[in-house]
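Encoded as structure tokens, the structure appears first; notes follow it.
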Amino acid sequence: MMPSDVGVYQELLDSVQRGQEHRLSYLAQEWADAGQWRALARGKLLELLSFAPERVPADVRAGRVWVHDGVQVEEISWSLGYGPRCEAWVLKPEGATGRLPGVLGLHCHGGFKFYGKEKIAENGETYPLTEEYRRTGYEGVAWANALAREGYVVLVHDGFAFGSRAVPVDSLSGRFRRQFLGKEPGTPEYIRTYNAFAADHEHVLAKSFFAAGTTWPGVFSHEDRRALDYLAGRPDVDPDRLGCCGLSGGGLRSVLLAGTDDRLKATVTVGFMSTWQGFLQNRTFSHTWMLYVPGLPEWLDFADILTLHFTRRSLVLYGEEDPLFTPQGQAGADARLRAVAARLGSRESYTGSFYPGGHRFDRAMQAEAFAFLREAL
């Protein structure tokens with residue numbers, strides 16, 4: 001047996017995985033009605049996500065509006081009924097009029113929770129470490145601004161546990177607060193300390209969600225759908241031309257949005273696609289607790305979540321040497337997505353492109369994503 005992150009018990013987990021039929025996959029049987037299949041599968045997904053809080057009034061508040069590098073930037077925030085207010089930026093071309101297509105710009109995880117939207121968007125102000133961060137993952141591009149300049153209203157909001165939605169230090173118990181003593185808030189040292197804390201704190205949050213009877217993916221996907229509520233309701237957005245795009249953790253968020261919300265006409269997932277079997281092959285250590293939904297693999301493979309969006313349009317961009325995924329897991333997911341699109345008689349629903357290199361959303365990938373959104377929206 002090959003060495004494994006779980007040692008001798010890899011064989012046990014492999015046997016469990018082999019016994020799963022993904023019973024609500026479109027490939028599991030001949031479904032008489034695609035709409036009925038989608039309703040059953042989405043219902044099971046939402047059931048297992050286990051998070052349906054009372055929907056409180058969003059209490060949207062508008063802030064400053066200004067122009068930065070050809071893009072109008074608008075500050076807004078809204079309430080989710082728990083935790084701090086969610087802060088967001090709305091980006092659109094300077095001087096734009098009428099209704100434009102709307103896109104949710106979904107920021108990544110990247111082990112950087114102190115900021116959210118600031119990792120993929122800019123407003124002319126300085127946010128420590130973000131420019132350096134974009135050089136690594138995005139070839140130096142604030143891609144949400146670049147997309148907005150092409151004629152979109154792009155909403156970039158802080159995902160659950162990031163930026164304005166991060167766990168405030170002063171709300172933590174003393175054993176966690178101690179590591180921040182003597183560090184000046186907002187400095188690079190403080191930000192790095194927060195990111196290190198947040199990485200170690202993930203298992204505490206995840207286990208606490210499980211103990212309460214809910215899941216982390218249930219929380220963040222609910223919050224992303226509330227952001228889509230806001231975007232779809234803006235007077236400058238065409239609600240029939242909505243999309244989303246994200247790398248890594250943002251790619252995960254795009255998959256969950258595609259699987260749970262019919263309002264999206266087009267989705268772009270970058271650097272986050274695999275089969276569950278691929279994740280199991282020494283790759284669980286490299287992924288956030290945001291990924292895992294207990295019981296889901298029995299009903300749907302990971303790629304099957306995205307198929308709930310078909311016959312609308314989906315683009316997945318893969319890195320051939322992406323260390324977060326096995327080549328077999330990525331290839332298996334790509335084959336599965338193509339097979340479902342073909343069986344639905346809608347091959348145009350899915351486009352998958354493989355790029356040489358690792359885990360990133362570089363300029364070439366951005367160009368394909370933007371061209372795809374232009375055609376689809």
Side-chain angles (χ1 to χ4, degrees), residues 60-78 86-108 115-127 130-131 133-135 137-159 163-164 224 227-247 250 253-254 257 263-270 312-313 315 317 361-377:
V60 177
R61 299 177 189 173
R64 297 180 300 154
V65 179
W66 69 101
V67 173
H68 168 65
D69 195 20
V71 174
Q72 178 181 297
V73 182
E74 179 183 353
E75 291 178 335
I76 60 165
S77 68
W78 60 80
C86 181
E87 296 179 3
W89 295 337
V90 180
L91 312 172
K92 67 178 184 179
E94 179 183 7
T97 59
R99 287 178 178 255
L100 302 175
V103 175
L104 279 184
L106 303 171
H107 66 72
C108 56
Y115 289 123
K117 59 189 176 298
E118 296 87 354
K119 293 185 287 185
I120 64 170
E122 58 186 12
N123 66 0
E125 300 178 8
T126 300
Y127 299 92
T130 56
E131 186 175 347
Y133 186 83
R134 281 197 293 270
R135 282 200 298 270
Y138 300 101
E139 205 172 334
V141 178
W143 69 260
N145 294 65
L147 180 61
R149 277 190 287 270
E150 295 211 359
Y152 300 84
V153 175
V154 181
L155 174 63
V156 189
H157 67 288
D158 291 332
S164 60
D224 286 345
L228 190 60
D229 290 346
Y230 171 75
L231 180 64
R234 282 182 61 95
D236 55 357
V237 170
D238 181 347
D240 294 323
R241 293 189 291 164
L242 298 174
C244 68
C245 178
L247 163 70
R253 293 164 66 195
S254 76
L257 264 177
R263 291 174 292 180
L264 293 167
K265 190 174 181 181
T267 67
V268 180
T269 300
V270 188
R312 298 168 185 84
R313 303 284 303 281
L315 170 67
L317 303 179
F361 187 26
D362 63 21
R363 292 170 187 259
M365 301 168 89
Q366 291 167 30
E368 181 174 359
F370 292 4
F372 169 82
L373 290 169
R374 190 180 311 120
E375 179 185 347
L377 299 182

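All figures in this text were calculated on a predicted structure; none of them were measured in a lab.
- A side-chain donor from one of His157 and Asp224 sits under 3.5 Å from a side-chain acceptor of the other.
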As a quick check of understanding, evaluate side chain to side chain contact (heavy atoms under 4.5 Å, CB included) for Trp66 and Glu75, giving each step before the final call.
CA-CA 9 Å; Trp66 69 101; Glu75 291 178 335; 3.7 Å; yes

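- When every heavy atom of Glu122 is checked against every heavy atom of Val73, the shortest pair comes out as O-CG2, 4.4 Å.
- Using cut-offs of 30° and 60° on the angle between ring planes, the pair Tyr138 and Tyr133 is tilted.
- Arg135 places no side-chain N or O within donor-acceptor distance of the main-chain N or O of Gly140, the cut-off being under 3.5 Å.
- Between His107 atom NE2 and Asp158 atom CG the span is 5.5 Å, to the nearest 0.5 Å.
- Side chains of Val153 and Lys92 form a contact here, defined as non-hydrogen atoms less than 4.5 Å apart.
- Side chains of Leu106 and Leu257 form a contact here, defined as non-hydrogen atoms less than 4.5 Å apart.
- Note: Leu147 CG to Arg374 CZ = 9.5 Å, rounded to the nearest 0.5 Å.
- Of all the heavy atoms in Cys245 and Trp143, the pair that sits closest is O-CH2, 3.3 Å.
- Under 3.5 Å, the side chains of Ser254 and Thr267 contain no donor-acceptor pair of N or O atoms.
- Closest approach of Pro239 and Ala232 over heavy atoms only: CB-O, 3.8 Å.
- The nearest pair of heavy atoms linking Ala88 to Leu155 is CB-CD1, 3.8 Å.
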Apply side chain to side chain contact (heavy atoms under 4.5 Å, CB included) to the pair Arg241 and Tyr152, showing each step before the final yes or no.
CA-CA 10 Å; Arg241 293 189 291 164; Tyr152 300 84; over 6 Å; no

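- The closest side-chain heavy-atom distance from Phe361 to Ile120 is not below 4.5 Å.
- Here Thr269 contributes atom OG1 and Leu315 contributes atom CG; the two are 8.0 Å apart, rounded to the nearest 0.5 Å.
- Scanning both residues, Gly137 and Leu247, for their nearest heavy atoms gives O-CD2, 4.0 Å.
- When side chains are defined from C-beta on, Val90 counts as touching Tyr230, because their heavy atoms get closer than 4.5 Å.
- Atom OG1 in Thr130 sits 10.5 Å away from atom NZ in Lys119 (nearest 0.5 Å).
- Residues Leu100 and Asp236 are not in side-chain contact: their nearest non-hydrogen atoms beyond the backbone lie 4.5 Å or more apart.
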With side chain to side chain contact (heavy atoms under 4.5 Å, CB included) as the criterion, how do Asp229 and Arg263 come out once you've worked through the C-alpha distance, each side chain's angles and the decisive distance to 0.1 Å?
CA-CA 9 Å; Asp229 290 346; Arg263 291 174 292 180; 2.8 Å; yes

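- Proximity of a side-chain donor or acceptor of Glu139 to a complementary backbone N or O of Arg363 within less than 3.5 Å is detected.
- For Arg134 (side chain) and Glu118 (main-chain N/O), a donor-acceptor pair under 3.5 Å exists by modelled atom type.
- For the pair Arg149 (side chain) and Asp69 (backbone), a donor-acceptor distance under 3.5 Å is present.
- Formation of a donor-acceptor pair under 3.5 Å by the Asp238 side chain with backbone atoms of Pro101 is not found in this model.
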Could you walk me through whether Lys265 and Leu242 satisfy the side chain to side chain contact (heavy atoms under 4.5 Å, CB included) test, starting with their C-alpha distance in whole Å, then the side-chain angles of each, then the deciding distance to 0.1 Å, before giving a yes or no?
CA-CA 6 Å; Lys265 190 174 181 181; Leu242 298 174; 5.7 Å; no

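- More than 12 heavy-atom neighbours from other residues, nucleotides or ligands sit within 6.0 angstrom of CD on Glu150.
- Of all non-hydrogen atoms in Val71 and Ala148, the two that sit nearest each other are CG1-CB, 4.3 Å.
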